[in-house]
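Report on the following structure.
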Amino acid sequence: MSIIPPRTLKGFRDYLPQTMAAREQVIETARSVCRNFGFAPIDTPVLEYSEILLGKGGEESDRQMYRFEDHGGRDVAMRFDLTVPLARFAAQHVRRLGTPFKRYHVGPVWRGENTQRGRYREFVQFDFDTIGTESLLADVETLVVVHDLFAALGFEGFTIHFNNRSLLNGLLDKLGLEDQAAVVLRALDKMPKIGPHGVSEELRRAAGTSDQQVNSILALAGLTGTNDEVVAALPAIVGSSPRAQTGLAAVEEVLAGVRASGIPEERIRVDVSIARGLAYYTGTVYETFLADLPGIGSVCSGGRYDDLASLYTKQRLPGIGGSLGVDRLIAAMEELGMVDESAAAADVFVALFVPERVGDYLGLAAELRAAGLSVELYPEARKLGAQMKYADRRGHRLAVIIGEDEWDSQTAQVKMLATGRSTEVPLSQLGRRCSDMLEEAG
RNA sequence: GUGGCCGUAGCUCAGUUAGGCAGAGCACCUGGUUGUGGUCCAGGAUGUCGCGGGUUCAAAUCCCGUCGGCCACCCCA
């Protein structure tokens, strides 16, 4: 019988314990931050009718969609993000849920695109959205959630860049380029990568814009300075069309709200070059970058989409939210050395020393767990040195050693593996003493 | 999807130029130390050289295909 080579598909990966522990920790942190703001958890199926997903993220996502016929001949597809399923979900259940409806949703999504570092065909997104309100307070809250999330994950240097689509639309009104919106947005999105020259060349080539038009667009995209300076310079550039006014007011209000929420000025930036490719954004848009790893791209982005759910319901369902790229974030954390190598190890290691007393060791381990400790009992009565070595390599923090003498005297040796110091502890106090020692060591 | 670079031990890689015994460091295992890890010393095990085919007396090395990874474009988390 020939052996089947074990392998995974392009862009699909296995997760080893260290990575998986980091992933669970990121998701746990994100959940707890969202709950602090009153977001509730939901889930939706991986498969949807193709008609639900097609055409929602633009041509590109249609092309990348995993799509096939199911066992009943239905035309089905795998979700490529969590926002479009949310729109369907909201249209279907909004009467029961009421608005505003705030939810978070974590799960894998699939895009059949070419792979690269931090870019896979199956990856996990963590989304949070507020549905059913046009209030800019929801926009403010979204940015505050992003901020609290990265702060809670332990990041120091990160910046949330935000913008409003109406500013760009206002400028397009002024320049008579309304029909070229998609092309212009796409060119602008490349600003940090190809610079003003690249953008102007692209604009001329793809949209056939005049020199004067290009200059106006670049004047907007190239705005630099403090947030106040940028805001002050905007009116002259984007003009006074209704859309421009809306965008301007929105940026100012969101900035004020974010400041009032106590977000440090250096972590939020009004950045008019943020355009976002996805077709469905209509108002606020934002991306989050890590100061130490700008090359990895945005690790959390999103925006306001006031028209999306209208595809599935006549009821008006505006929304705003964000999407955290869990896999990309973990790739970043691994590169930045933020992943704790021993996160998967139990705090307390119990050596199995006297095989005849297996039952006593099992009982002891159970008692310690009942006392709130994470405990691993070694499964074989190997040489003590080998067991200690295992405990050390695994990253356990305390080793509990009980041999014949200790059983006789009802004591245990508790060893701090980091320092090598050993303490004799009566078995009756073992749980409490272990907790104390872990507490003291931090 | 298009173009380029790459794939050798668990990991990081050398060896490919110009075909000639499959290597290093780290990790791992055993012993020194039959009740104590990290250091040290001695010894040991470890390979479909990604996979398939071709050229050749001989292929990790050259050719073709394929799978996978990375980079650019594209798009995006």
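Here is how names work: the chains are called A, B, and so on, in the same order as the sequence lines, proteins then strands, and each is numbered from 1.
- Between A:D211 and A:R204, at least one side-chain nitrogen of the basic residue sits less than 4.0 Å from a carboxylate oxygen of the acidic one, meeting the salt-bridge criterion.
- Among B:U36, B:C70, B:G31, the nucleotide with an atom closest to any side-chain atom of A:I401 is B:U36.
- Applying the 3.5 Å distance criterion, the base of B:C76 shares a donor-acceptor pair with the side chain of A:R328.
- The same atom, C1', is picked in B:G23 and in B:U16; the two are 14 Å apart, to the nearest Å.
- Across the C1' atoms, B:G20 and B:G7 are found 24 Å apart, a figure rounded to whole Å.
- Within 4.0 Å (heavy atoms only), A:G112 reaches no atom of the nucleic acid at all.
- Not a single donor-acceptor pair, N or O on each side, falls under 3.5 Å between the base of B:A77 and the side chain of A:E287.
- If you take atom C1' in B:U36 and the same atom in B:U12, they sit 32 Å apart, rounded to whole Å.
- Residue contacts shown for A:K415 include a base, since a base heavy atom lies under 4.0 Å away.
- If you run ring pair (Phe, Tyr, Trp, His ring centres under 6.0 Å) between A:Y104 and each of A:F126, A:F39, A:F37, only A:F126 comes through.
- Between the C1' atom of B:C71 and the CZ atom of A:R117 lies a distance of 10 Å, rounded to the nearest Å.
- Counting any heavy atom pair closer than 4.0 Å across all strands shown, A:E122 reaches no nucleic acid atom.
- Remark: the separation of the C1' atoms in B:C71 and B:C62 is 26 Å, to the nearest Å.
- Residues A:E265 and A:N227 have side chains that bring a donor and an acceptor to within less than 3.5 angstrom of each other.
- The phosphate of B:G69 (OP1 or OP2) has a side-chain N or O of A:K10 nearer than 4.0 angstrom.
- Phosphate contact (OP1/OP2 of B:C67, side-chain N/O of A:R7, threshold under 4.0 Å): absent.
- The side chain of A:R119 lies closest to B:C75, out of B:A72, B:C75, B:G37.
- Counting atom types as modelled, A:E406 pairs a side-chain N or O with a base atom of B:G35 as donor and acceptor under 3.5 Å.
- The aromatic rings of A:F101 and A:F89 lie parallel to each other, with less than 30° between the two planes, well short of the 60° mark.
- Relative orientation of the A:H161 and A:F289 rings is perpendicular, given thresholds of 30° and 60° on the angle between their planes.
- Taking atom C1' in both B:C13 and B:U2, the straight-line distance is 31 Å, to the nearest Å.
- Among the atoms of the strands shown, none is found under 4.0 Å from any heavy atom of A:Y390.
- Contact check, A:S298 against B:A77: no side-chain N or O comes under 4.0 Å of OP1 or OP2.
- A gap of 15 Å separates the P atoms of B:C6 and B:A18, to the nearest Å.
- For A:K389, whose side chain is taken as the heavy atoms from C-beta onward, the closest listed nucleotide among B:U2, B:C29, B:A77 is B:C29.
- For A:T115, the listed nucleotide lying nearest its side chain is B:G69; candidates were B:A77, B:A72, B:G69.
- Straight-line distance between the C1' atoms of B:G37 and B:A77: roughly 41 Å, to the nearest whole Å.
- Of the side-chain N and O atoms in A:K383, one or more sit less than 4.0 angstrom from OP1 or OP2 of B:G31.
- A:D327 comes within contact range of no nucleotide atom at all, as no heavy-atom separation falls under 4.0 Å.
- Remark: A:R23 engages A:D327 in a salt bridge, criterion side-chain N to carboxylate O under 4.0 Å.
- Between B:G35 and A:Q413, no contact under 4.0 Å exists linking OP1 or OP2 to a side-chain N or O.
- Between A:R382 and B:U30 there is a side-chain N or O to OP1 or OP2 distance below 4.0 Å.
- Remark: B:G23 base-pairs with B:C13; criterion is Watson-Crick or G-U wobble with both hydrogen-bond distances under 3.5 Å.
- Residue A:A418 is classed as a base contact, given a heavy-atom separation below 4.0 Å to a base.
- Comparing the same atom, P, in B:C51 and in B:G68 gives a spacing of 15 Å after rounding to whole Å.
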